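Here the structure is a predicted model, which is why all the values come from computation and not from measurement. In what follows, chains are A, B, ... by sequence order, proteins preceding strands, each numbered from 1. Heavy atoms only: backbone and side chains are in, while hydrogens, waters and symmetry mates are out.
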Amino acid sequence: MRKAFLIFYKDLRQYYSKAPVISWGILFPLAVIVLIAMSMKVYGESRMIPAMFTISLLFASTSMAQVSISFEKMSGSFNRLFYLPISTGELLLGKALGGFMYGFIGSGISALAIYIITGNILVIKPLFLLLGVIIGSLIFTCISIVITLLLDPIPGVALLNIVRFSMMFLGGVIFPSALIPLPIRNIVYIFPSVYVNEMIRYGLYNEWDYVDPYTSLVMSLIIVITLTIASYRLIHYILYK
Amino acid sequence: MKTVIVDNLVKKYGKVIALKGISFEIYRGEVFGLLGPNGAGKTTTIRAISGALKPTSGKIVVLGIDVIKEPLRVKKRIGVVPELPSMYPELSVRDNLYIMARFYDMNSDEFRERLGIISEQLGIKHILGIKYGHLSKGYKRRVDIAASLIHDPELILLDEPTSGLDVFAANNLRKLLRKLVSIGKTIVLSSHYIDEVMELSNRVLLLYNGVKLFLDKPINLRKILKLKKKVKLYLAKSVDRSLLKMLEKNIDCEDCKVELEDERVIVIHTDEPLETITLAKQVVEENNNRITDADILPPSWEDVFIKYIEPLEKRECGQCPLASTGVCG
């Protein structure tokens, strides 16, 4: 555990101020939040405010892990980790902690923006909101880790952006189910964002749209466990291939 | 006492076989040189010994520990200098080394003590506060080496350690390696600099295409191959093609080679250097040129390498003294 925190500490000092982390992890979600705030009246507050949370979480969590792994792959310092006495679990946890923390920062920024826009933050079921934020940031971090480990940095960023924008627009975050044609609506369920968003929405407004909150919780847990195992196995394979 | 035992090590990457069942032992306090062209299997061997790679088959025991079963225990007791710069560019040299020390469970006092010793030995004391990313290639290399020595490992694996270092820094590193050996450390040195391996190593393992070609003292390799000496002629004027042809014609011996090293420098590979110089003097003067200086050089380690590897790469198996190893299939 101590070594995982060491990796986290090192990543934090090395990458927290890198341009891609700031632009994709903070500035872009902020811009989206402003846009969403401007269109609040179109879909209603109870849809758009959870969307702000989910989008912030999505971009903030995926940015940190992606940047820290990509930069290390490009500089060669990722190879150094292979020779250190670190277990696969410690390495995964170390890399995930950065994304997890950035996810929390993203949520905090969202909360602040929401407070500025609406003058209050209504949290009806805080446990669900917390679970949504925690599990959501873990899911998005793991997605970022898997993509960044599998691909070279440039195609990795390209694929990650496709995944991010797909989740944002097709992943049940912004558009309500009533507006999506039935055949396309089924695509929503492929994306973990729908389950995370429903948990956050339920926590904030006691409402849900595509999936009920308990099914969302179960699905999110299944996804997070699957992605954690996949990330673990991938790191293990890369470490010892 | 054996520090490393490698037994029938095989590593496959899909259809590519990087190591084809090599076996060797490394003894405590020796410098063990790894030589071979790109793709010979040097880095794979270093990674396998360090526990950073799982072999397809075979056994590796390092410091009495089975690397395949307990890689973390081995990693704690060894230091590895990877081929490429590998520290964190935004952190200072001191912070980089501190983080490395913490990975090896060193406390602040232990770190300070080791940092003092290592920074003095590697000449990095004055750059400890500078960000790694702002350093020159040579200094980055020194910091990479410092990071692998910070926990005082018993076995040190160096993959191309002097690559990018200036002559002064490379010499300092060689001195440091000798010092480490004198206090009982074991060193595995993989390098493209053949003279460096020749000079530093007690024994050399020559790898080609994942196969062990040669394992012995470097001096024995020279004896086996009976290499020619080199005569280096420095001329007053630029050399033209006709002079080279005339020299080739007049210096008539088996396998003698005439090469143009620079526009005014000719190198001749010969068994009889003095006779060659006398003969060459006549030929050069007939060509309206003049020899200003001449050197007689012993066969270089590079020649050894060329003698072994080139015929294998050209599939000229009959000309390779080690074709019997089966590598030239």
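- Residue-environment remark: CZ (B/Arg28) stays at or below the threshold of 12 foreign heavy atoms within 6.0 Å.
- In this structure, chain A has heavy atoms under 4.5 Å from both the backbone and the side chain of B/Leu72.
- Of the inter-residue distances, the one linking B/Met100 atom CE with A/Leu84 atom CG reads 5.0 Å to the nearest 0.5 angstrom.
- When all heavy atoms are compared, the tightest approach of B/Phe103 to A/Pro85 is O-CG, 3.6 Å.
- For a residue to count as touching a neighbouring chain, one of its non-hydrogen atoms must lie under 4.5 Å from one of that chain's; by this rule A/Glu90 does not touch chain B.
- By the neighbour-count criterion of 12 heavy atoms within 6.0 Å, atom CZ of B/Arg178 is densely surrounded, having more than that number from other residues, nucleotides or ligands.
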Please walk me through it: do B/Leu53 and A/Phe82 pass side chain to side chain contact (heavy atoms under 4.5 Å, CB included)? CA-CA 9 Å; B/Leu53 173 148; A/Phe82 301 164; over 6 Å; no

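- Taking NZ of B/Lys76 as the start and CD1 of A/Ile86 as the end, the distance is 11.5 Å to the nearest 0.5 Å.
- Counting non-hydrogen atoms of other residues, nucleotides and ligands closer than 6.0 Å to CD of B/Glu25 gives a total above 12.
- With values rounded to the nearest 0.5 angstrom, B/Asn96 atom CG is found 9.0 Å from A/Arg80 atom CZ.
- Note: B/Pro89 leads B/Ala147, B/Ser50, B/Pro89, B/Gly51 in heavy-atom pairs under 4.5 Å with chain A.
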Any chance you could lay out the side chain to side chain contact (heavy atoms under 4.5 Å, CB included) test for B/Lys75 and A/Tyr83, step after step, and finish with the verdict? CA-CA 6 Å; B/Lys75 284 177 184 181; A/Tyr83 299 113; 5.9 Å; no

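- Open room surrounds NZ on B/Lys54; 12 or fewer heavy atoms of other groups in view lie less than 6.0 Å from it.
- Atom OH of A/Tyr237 sits in a sparse spot, with 12 or fewer heavy atoms from other residues, nucleotides or ligands closer than 6.0 Å.
- Within the model, atoms CD of A/Glu72 and CE of B/Met87 stand 10.5 Å from one another, a figure rounded to the nearest 0.5 Å.
- Among B/Ile99, B/Thr56, B/Ile78, B/Val81, the residue with the largest count of heavy-atom pairs under 4.5 Å with chain A is B/Ile99.
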